[in-house]
Student: 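Below you will find the structure I want to go over with you.
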Amino acid sequence: MYAFFSEVLSDKKGGAVFSCFGLWHLIYLIIAIIAIIITIVSLKNKDKRIVQKTISLLINCAFGLYIADFFLMPFAYGKIDVEKLPFHVCTAMCVMCFWSRHNTFLGRYRQQFALLGFISNLVYLIYPAGLMWYQVHPLSYRVVQTLLFHGLMTAYGLLVLLFDEVTFDRKLRYRDLAVLVSMTLWAILGNTLYAGQAWGHTNNFNWFFTTRDPFYILPENIAPYIMPFLNIAIFFAVEMLISLIFKILRKQNLPRKSSRI
C-alpha cells in the first residue's frame with residue numbers, strides 16, 4: 001500500500017512545471033476566483049443559517065485538509081515536513097480560525113483571525129514562491145494540496161468579512177494588534193525551538209519572516225531584531241486598510257448589514 005500511495009502522491013517530474021504566473025498558476029487562480037464569486041453570489045440573499053453553515057464548512061475543510069496532510073506527507077515526500085507545523089501565519093490562522101468557531105473566548109477574535117488568514121493566504125495564492133522552488137508538475141499532490149488549502153482559507157476569510165456577525169469598530173482594533181503580536185511571538189518560538197542540526201541538515205526556519213528579511217534588504221545579523229516589529233507594523237497597516245474597505249462595502253449593503261460581537 002505504501003508503494004501505491006507513494007507513486008500517486010509523490011512529486012511528478014517531467015513535462016509541464018509549475019511556476020509563478022505561469023499558465024497552470026493562472027488556471028488555478030481563475031478557478032479559485034470563479035468558485036469564490038459563485039459562492040458569494042449564491043449566499044448573498046440566503047438565510048443566515050445557510051450562510052453560517054457554508055462558512056463553517058469552508059474552515060472545516062481547510063482544517064481537515066491541513067491535518068490530513070501530515071498523514072499523507074510520508075507518502076508524498078518520504079517524511080513529515082517540519083516546516084508545515086503551524087508556525088507559518090497561513091497554517092497558524094487555519095488552526096485559530098477553526099478553534100474560534102468552537103471556543104467562546106477565541107470567538108471574540110474570530111474576525112481578527114479571519115482577516116489575518118485572508119491576507120496571508122491570498123498573498124501566497126497570488127505568489128506561491130515555495131511551490132516554484134520544487135520545480136514539479138502542476139498536478140502533483142504538493143501543488144494541488146497547497147493551492148487548495150490556501151484557496152479555502154482565502155474564501156473563508158472573505159466570507160467572514162462579508163457575511164459573518166463581526167464589526168469594524170475602531171475601539172476593537174487592539175484585537176488585531178494582539179493577534180499580530182501573539183503570532184509574532186509564536187513564530188519566534190518555533191524558529192528558536194526547531195533551529196539547529198537535525199534530519200541530516202541545518203534548519204534555519206523563517207516562520208512569519210521573524211528571522212530573515214524575505215527580500216534580503218536587511219543584513220542577516222540585524223534582521224531578527226527588526227523584522228518582528230516591521231511585520232507587525234506592515235500587517236497592521238494592511239489590516240486597517242482592508243477593514244476600511246469592507247466597512248464601506250457593508251455601509252453600502254453589498255451583502256448585508258452586520259451586528260456587533
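Since this is a predicted model, take the numbers as computed values, not measurements. Throughout, residue positions are numbered sequentially from 1 according to the sequence presented.
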Student: Just one of F87, F208, W207 clears the ring pair (Phe, Tyr, Trp, His ring centres under 6.0 Å) bar with W186, so which one?
Tutor: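 That would be F87; it is the only one of F87, F208, W207 passing the ring pair (Phe, Tyr, Trp, His ring centres under 6.0 Å) with W186.
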Student: Quick check on the hydrophobic clustering: are L159 and I242 connected, directly or via other members, by side-chain heavy-atom contacts under 4.5 Å?
Tutor: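 Result: yes, single cluster for both.
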Student: Quick check: closest heavy atoms across A92 and P86, and the distance to 0.1 Å?
Tutor: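 Closest approach of A92 to P86: CB-O, 3.5 Å.
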Student: Determine whether the aromatic ring centres of Y225 and F229 lie less than 6.0 Å apart.
Tutor: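 No: the rings miss the under 6.0 Å criterion.
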Student: Is N121 reaching over with its side chain to a backbone N or O of M153, donor-acceptor style, under 3.5 angstrom?
Tutor: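 Not a single qualifying donor-acceptor pair exists.
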Student: Identify, with sequence neighbours excluded, every residue that meets side-chain contact (heavy atoms from CB on, under 4.5 Å) alongside A76.
Tutor: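 Testing A76 for side-chain contact (heavy atoms from CB on, under 4.5 Å), a comparison that skips the adjacent residues, returns L9, Y141.
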Student: Under 3.5 Å, is there a donor-acceptor pair between the side chain of S243 and the main chain of M240?
Tutor: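 Not a single qualifying donor-acceptor pair exists.
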Student: Identify the heavy atoms of K13 and Q135 that sit nearest to each other, and give their distance.
Tutor: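 Scanning both residues, the minimum pair turns out to be NZ-O, 3.5 Å.
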Student: Would you confirm whether D176, through its side chain, and Q112, through its main-chain N or O, come within 3.5 Å as a donor-acceptor pair?
Tutor: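 No; zero donor-acceptor contacts below 3.5 Å.
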Student: Does the ring center of Y156 lie less than 6.0 Å from the ring center of F98?
Tutor: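 No, they do not, as the ring centres are separated by 6.0 Å or more.
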Student: Please determine if D81 and K84 form a salt bridge, counting it only when a charged side-chain N lies under 4.0 Å from a carboxylate O.
Tutor: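 Salt bridge: no.
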Student: Flag yes if more than 12 heavy atoms outside Y2 fall under 6.0 Å of its OH atom; otherwise flag no.
Tutor: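 Yes, the 6.0 Å shell around OH holds more than 12 heavy atoms from other groups.
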Student: Output the distance between atom OG (S182) and atom CE (M96), rounded to the nearest 0.5 Å.
Tutor: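 Nearest 0.5 Å value for the OG-CE distance: 8.5 Å.
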Student: Can you name the closest pair of heavy atoms from K12 and S10 and give their distance?
Tutor: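 That closest heavy-atom pairing would be NZ-O, 2.8 Å.
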Student: Less than 4.0 Å between a side-chain N and a carboxylate O, is that true for D164 and K48?
Tutor: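 D164 and K48: not salt-bridged.
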Student: Where do H25 and F18 land on the ring-ring contact (aromatic ring centres under 6.0 Å, His included) test, with the steps shown first?
Tutor: CA-CA 7 Å; H25 182 203; F18 182 87; 5.6 Å; yes
Student: More than 12 foreign heavy atoms under 6.0 Å from OH of Y174: is that the case here?
Tutor: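 Yes, OH of Y174 has more than 12 neighbouring heavy atoms, counting only those of other groups under 6.0 Å.
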Student: Distance from L180 atom CG to F235 atom CZ, nearest 0.5 Å?
Tutor: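 It comes to 7.5 Å.
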Student: So does V143 get a backbone contact from the side chain of T146, meaning a donor-acceptor N/O pair under 3.5 Å?
Tutor: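 No, because the side chain of T146 does not come within donor-acceptor range (under 3.5 Å) of the backbone of V143.
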Student: Which atoms form the tightest heavy-atom contact between F163 and I40, and what is the distance?
Tutor: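 Smallest interatomic distance, heavy atoms only, reads CZ-O, 3.8 Å.
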Student: Taking atom CD of E83 as the centre, does the number of heavy atoms from other residues, nucleotides or ligands within less than 6.0 Å exceed 12?
Tutor: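 Yes, the 6.0 Å shell around CD holds more than 12 heavy atoms from other groups.
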Student: Could you go through residues 26-36 and list every donor-acceptor pair under 3.5 Å that involves a side-chain atom there, pairing it with any protein atom two or more places apart or in another chain?
Tutor:
residue, atom, partner, partner atom, Å
Y28, OH, P138, O, 2.7

Student: When rounded to the nearest 0.5 angstrom, what distance separates CD in Q145 from CG in L72?
Tutor: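 If I round to the nearest 0.5 Å, the distance is 8.5 Å.
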Student: Does H137 reach the main-chain N or O of L139 with its side chain, forming a donor-acceptor pair under 3.5 Å?
Tutor: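 Judged by distance alone, yes, a pair lies under 3.5 Å.
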Student: Taking all heavy atoms of F118 and all of L158, pick out the closest pair and write down the distance.
Tutor: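 Nearest heavy atoms, F118 then L158: CD1-N, 3.8 Å.
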Student: Any donor-acceptor pair under 3.5 Å linking the side chain of R175 with the backbone of Q111?
Tutor: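 No; judged by distance alone, with no hydrogens or angles, the pair does not exist.
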Student: Is there a path of hydrophobic side-chain contacts, each under 4.5 Å between heavy atoms of I, L, V, M, F, W or Y residues, that connects F149 with L57?
Tutor: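 Result: no, two separate clusters.
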Student: Compute the centroid of each ring, for F71 and then for F75, and state whether the two points are separated by less than 6.0 Å.
Tutor: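 Centroid distance F71-F75: not below 6.0 Å, so no.
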Student: Return the minimal non-hydrogen interatomic distance between L125 and L147, and the atom names on each side.
Tutor: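 Between these two residues, the closest heavy atoms are CD1-O, 3.7 Å.
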Student: Does the side chain of D213 reach to within under 4.5 Å of the side chain of E220, using non-hydrogen atoms?
Tutor: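 Not touching, per the 4.5 Å side-chain cut-off.
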Student: Nearest 0.5 Å please: distance from the NE2 atom of H150 over to the SG atom of C90.
Tutor: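 Going from the NE2 atom of H150 to the SG atom of C90 covers 3.5 Å.
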Student: How about V123 and I126: do any of their side-chain heavy atoms sit closer than 4.5 Å?
Tutor: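 The answer is no, as the side chains (C-beta and beyond) never meet within the 4.5 Å cut-off.
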Student: ring-ring contact (aromatic ring centres under 6.0 Å, His included) with W99: which residues, sequence neighbours excluded?
Tutor: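 ring-ring contact (aromatic ring centres under 6.0 Å, His included) check on W99 returns nothing, list empty.
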Student: Can you confirm whether F5 is buried at CZ, in the sense that more than 12 heavy atoms of other residues, nucleotides or ligands lie under 6.0 Å from that atom?
Tutor: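 Atom CZ in F5 is not packed in, count stays at 12 or less.
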Student: Does some side-chain heavy atom of L152 sit less than 4.5 Å from a side-chain heavy atom of Y66?
Tutor: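 Answer no - side chains too far apart.
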Student: Would Y127 and L116 show up in the same hydrophobic cluster when neighbours are defined by side-chain heavy atoms closer than 4.5 Å?
Tutor: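 Yes: a chain of side-chain contacts under 4.5 Å links Y127 to L116.
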